[in-house]
Amino acid sequence: MLVIENVTLLDCVSPEPIEGATVVVEGTQIKEVSTTTPPASAGARVIDGRGKTLLPGLIDCHVHLGAIDVNVLEQHRNYPASLAALKVGRIMRETLRQGFTTVRDAGGADYGFRLAVEQGLVDGPRVLVANRPLSQTGGHGDFRRMAEVDDPLSCCSEIGYVMQVCDGEGEVLKAAREQIRRGANQIKIMASGGAMSPTDALDAVQFTTAELQAAVTAARGAGIPVMAHAIAPEAIQNCVAAGVRSIEHGNLIDEPTARMMAEAGTYLVPTMSVYQNLYERGAEYGVPEHSMGKVRFALEQAGNSLETALRNGVRIASGSDLLGESARDKAREFELKADVLGAYPAIVSGTRTSAELLGLEAEIGTVEVGKRADLLLVDGDPLADLGLLRKPGGLAAVIKDGRPIAD
């Protein structure tokens with residue numbers, strides 16, 4: 001049994017912090033939440049939470065555990081599968097220690113990494129995998145340079161940020177079913193251009209609505225959702241019409257698109273931190289100038305798009321999309337979103353709302369009796385300084401399934 005007492009609680013249900021709270025954990029679950037201090041059971045571990053804040057374990061709905069380097073265009077030319085797997089394991093361990101107890105991988109990690117956590121081989125967050133994202137030829141997941149004519153995967157390891165290129169309803173349907181056969185928790189589809197792909201424009205519209213519907217049809221048959229990389233309004237609208245559950249990035253959302261998303265109940269997963277990080281350090285990482293131009297444009301539009309989504313009632317979850325060594329700053333996403341949402345709603349986006357997006361709201365995302373004891377103890381007040389979530393020493397404890405994670 002674990003007792004955390006005298007703590008300020010952000011349960012992500014109540015509208016305000018709860019002062020002087022006590023949270024009792026038994027086994028893997030939260031047993032009691034109160035504003036009184038119950039007698040501690042014999043043998044219970046007691047943590048004094050004075051001066052600290054307790055909140056649910058963070059959820060990142062857009063990670064790429066297999067993106068070992070920031071410059072993913074070169075990554076697969078450098079690592080054999082054996083070395084890549086070990087590097088991914090280290091990324092998973094670091095992710096958990098950053099306070100993220102659940103992540104949704106947006107492409108690259110396969111079910112083996114999920115099983116590694118479940119079997120205790122790797123000390124990492126709970127992982128939902130998409131396996132290989134689906135991309136059209138010349139789309140955001142086709143990493144071939146213009147001069148390259150070989151198969152799209154000819155230069156790639158089997159492990160890492162690996163895509164599946166497919167065209168036409170039949171190929172998309174088959175490719176989606178293959179990801180399902182290989183244990184995908186969700187299907188990821190590239191519905192527009194992106195910053196890091198070498199041959200498309202950021203606002204390019206990719207895949208037809210029929211192709212998108214083929215992916216959704218396969219996913220629904222297996223009872224899993226589809227997440228879509230989509231930037232341009234037309235691409236987003238195509239995804240909503242096809243039945244996609246979440247729009248990733250959405251940097252160019254306009255009013256009609258936001259209204260359409262809200263009416264359909266489609267989630268938005270902004271990833272502001274990846275554009276901010278690439279804007280600041282892309283040249284250092286070796287990101288080519290044609291990608292940097294797209295990064296700058298996406299960053300300029302990100303805040304306005306988030307405001308538009310919020311104003312129209314779109315459900316806003318949280319993702320970082322940070323690659324390679326920059327992934328250590330996942331929690332920066334909350335600081336950037338807070339400029340639009342406010343500090344507490346930004347935290348809710350990465351806890352309760354993200355759990356709802358993943359269909360795990362009965363298990364995680366809030367501090368409530370009966371839920372999994374995924375908890376984050378912050379040394380200070382994150383509502384006054386969201387930077388505590390990523391500063392060295394800012395996290396006093398990370399607890400997953402009732403177990404404090406050792407450094």
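Using a 4.5 Å cut-off on side-chain heavy atoms (C-beta onward), V274 and V295 make no contact. Within the 4.5 Å cutoff, side-chain heavy atoms of I247 are placed close to those of C239. With contacts defined as side-chain heavy-atom distances shorter than 4.5 Å, the pair L310/V340 qualifies. In this structure the side chain of V33 never reaches within 4.5 angstrom of the side chain of D11, judged on heavy atoms. For the pair S135/Q164, no side-chain contact is recorded, criterion being any heavy-atom separation below 4.5 Å from C-beta on. Put simply, the side chain of I231 does not reach to within 4.5 Å of the side chain of D203, judged on heavy atoms. For the pair L357/R104, a side-chain contact is recorded, criterion being any heavy-atom separation below 4.5 Å from C-beta on. The shortest side-chain heavy-atom distance between R126 and R372 falls under the 4.5 Å cut-off.
Nearest heavy atom pair, residue P56 against residue G365, reads CG-O, 3.5 Å. Between S318 and V269, the closest heavy-atom pair is C-CG1, 3.7 Å. Here the closest heavy-atom approach between residue K188 and residue A130 is recorded as CB-CB, 4.0 Å. Taking each heavy atom of A214 and L173 in turn, the nearest pair found is O-CD1, 3.4 Å. Between V103 and P125, the closest heavy-atom pair is CG2-CG, 3.9 Å. Nearest heavy atom pair, residue V25 against residue G402, reads CG1-CA, 3.8 Å.
Applying the side chain to side chain donor-acceptor pair (under 3.5 Å) test to R315 and every residue at least two apart in sequence or in another chain returns Y267. The side chain to side chain donor-acceptor pair (under 3.5 Å) test applied to D60 returns S320, not counting sequence neighbours. Qualifying salt bridge (Lys or Arg N to Asp or Glu O under 4.0 Å) partners for K31, counting only residues two or more places apart in sequence or in other chains: E26. Every residue two or more places apart in sequence or in another chain that forms a salt bridge (Lys or Arg N to Asp or Glu O under 4.0 Å) with D329 is listed here: R390. For R296, the salt bridge (Lys or Arg N to Asp or Glu O under 4.0 Å) partners two or more places apart in sequence, or in a different chain, are E289. Scored by the side chain to side chain donor-acceptor pair (under 3.5 Å) test, N304 finds no partners at all (sequence neighbours excluded). R281 is linked by a salt bridge (Lys or Arg N to Asp or Glu O under 4.0 Å) to E284, E325, counting only residues two or more places apart in sequence or in another chain. For L395, the side-chain contact (heavy atoms from CB on, under 4.5 Å) partners two or more places apart in sequence, or in a different chain, are L376, V378, L389, V398.
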Q | Test salt bridge (Lys or Arg N to Asp or Glu O under 4.0 Å) applied to E94 and K330, step by step | A | CA-CA 11 Å; E94 292 171 348; K330 286 184 181 70; over 6 Å; no

(Q) One pair to check against side chain to side chain donor-acceptor pair (under 3.5 Å): T137 and D167. What are the steps and the verdict? (A) CA-CA 7 Å; T137 296; D167 298 286; 2.5 Å; yes

Q: Give the C-alpha distance, both sets of side-chain angles, the deciding distance and a yes or no for side-chain contact (heavy atoms from CB on, under 4.5 Å) between I364 and I59.
A: CA-CA 9 Å; I364 59 174; I59 303 170; 3.8 Å; yes

(Q) D110 vs R132, test: salt bridge (Lys or Arg N to Asp or Glu O under 4.0 Å). Steps then yes/no. (A) CA-CA 8 Å; D110 63 23; R132 293 182 177 180; over 6 Å; no

Q | Check against salt bridge (Lys or Arg N to Asp or Glu O under 4.0 Å), R332 and E335 | A | CA-CA 5 Å; R332 190 181 188 185; E335 299 169 60; 5.6 Å; no

Q | Steps toward salt bridge (Lys or Arg N to Asp or Glu O under 4.0 Å) verdict (D401, R403) | A | CA-CA 6 Å; D401 279 332; R403 181 176 67 89; over 6 Å; no

Q | side-chain contact (heavy atoms from CB on, under 4.5 Å) between L2 and I399, intermediate numbers included | A | CA-CA 10 Å; L2 173 67; I399 300 165; 3.7 Å; yes

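Looking at N277, its side chain never comes within 3.5 Å of a backbone N or O of S326 through a donor-acceptor pair. The backbone N or O of D374 sits nowhere less than 3.5 Å from a side-chain atom of T101 that would complete a donor-acceptor pair. K87 places no side-chain N or O within 3.5 Å of a backbone atom of Y79 that could act as its donor or acceptor partner. Between the side chain of H64 and the backbone N or O of G107, at least one donor-acceptor pair lies under 3.5 Å. With hydrogens and angles disregarded, a donor-acceptor distance shorter than 3.5 Å links the side chain of E211 to the backbone of G168. In terms of modelled atom types and a separation under 3.5 Å, the side chain of E333 and the main chain of M272 share a donor-acceptor contact. One N or O on the side chain of Q179 and one on the backbone of A175 form a donor-acceptor pair closer than 3.5 Å. Under a 3.5 Å cut-off, the side chain of N312 and the backbone N or O of A258 do not form any donor-acceptor pair. D379 contributes no side-chain N or O that, together with a main-chain N or O of A396, makes up a donor-acceptor pair within less than 3.5 Å.
With rounding to the nearest 0.5 angstrom, the NZ atom of K52 is 12.0 Å from the CG atom of L388.
Note on residues 203-244: pairs passing ring-ring contact (aromatic ring centres under 6.0 Å, His included), not counting sequence neighbours, are H140-H229, H229-H249. Within the structure, the ring-ring contact (aromatic ring centres under 6.0 Å, His included) test picks out no pair touching residues 86-124 (sequence neighbours left out). Listed by first and then second residue, the side-chain hydrogen bond (donor to acceptor under 3.5 Å, both in side chains) pairs involving residues 339-360 amount to none (not counting sequence neighbours). Here side-chain hydrogen bond (donor to acceptor under 3.5 Å, both in side chains) pairs that include residues 256-265, with residues two or more places apart or in two chains, are Q237-T257, D254-T257.
A salt bridge is defined here as a Lys NZ or Arg NE, NH1 or NH2 lying under 4.0 Å from an Asp or Glu carboxylate O, and K371 with E368 meets this definition. Ion pairing between R97 and D123 holds under the 4.0 Å rule for side-chain N and carboxylate O.
Atom CZ of R311 has more than 12 neighbouring heavy atoms from other residues, nucleotides or ligands inside a 6.0 Å radius. In the displayed structure, E307 atom CD is contacted under 6.0 Å by more than 12 heavy atoms of other residues, nucleotides or ligands.
A cation-pi arrangement is absent between K294 and F297 under the rule of less than 6.0 angstrom and at most 45 degrees off the ring axis.
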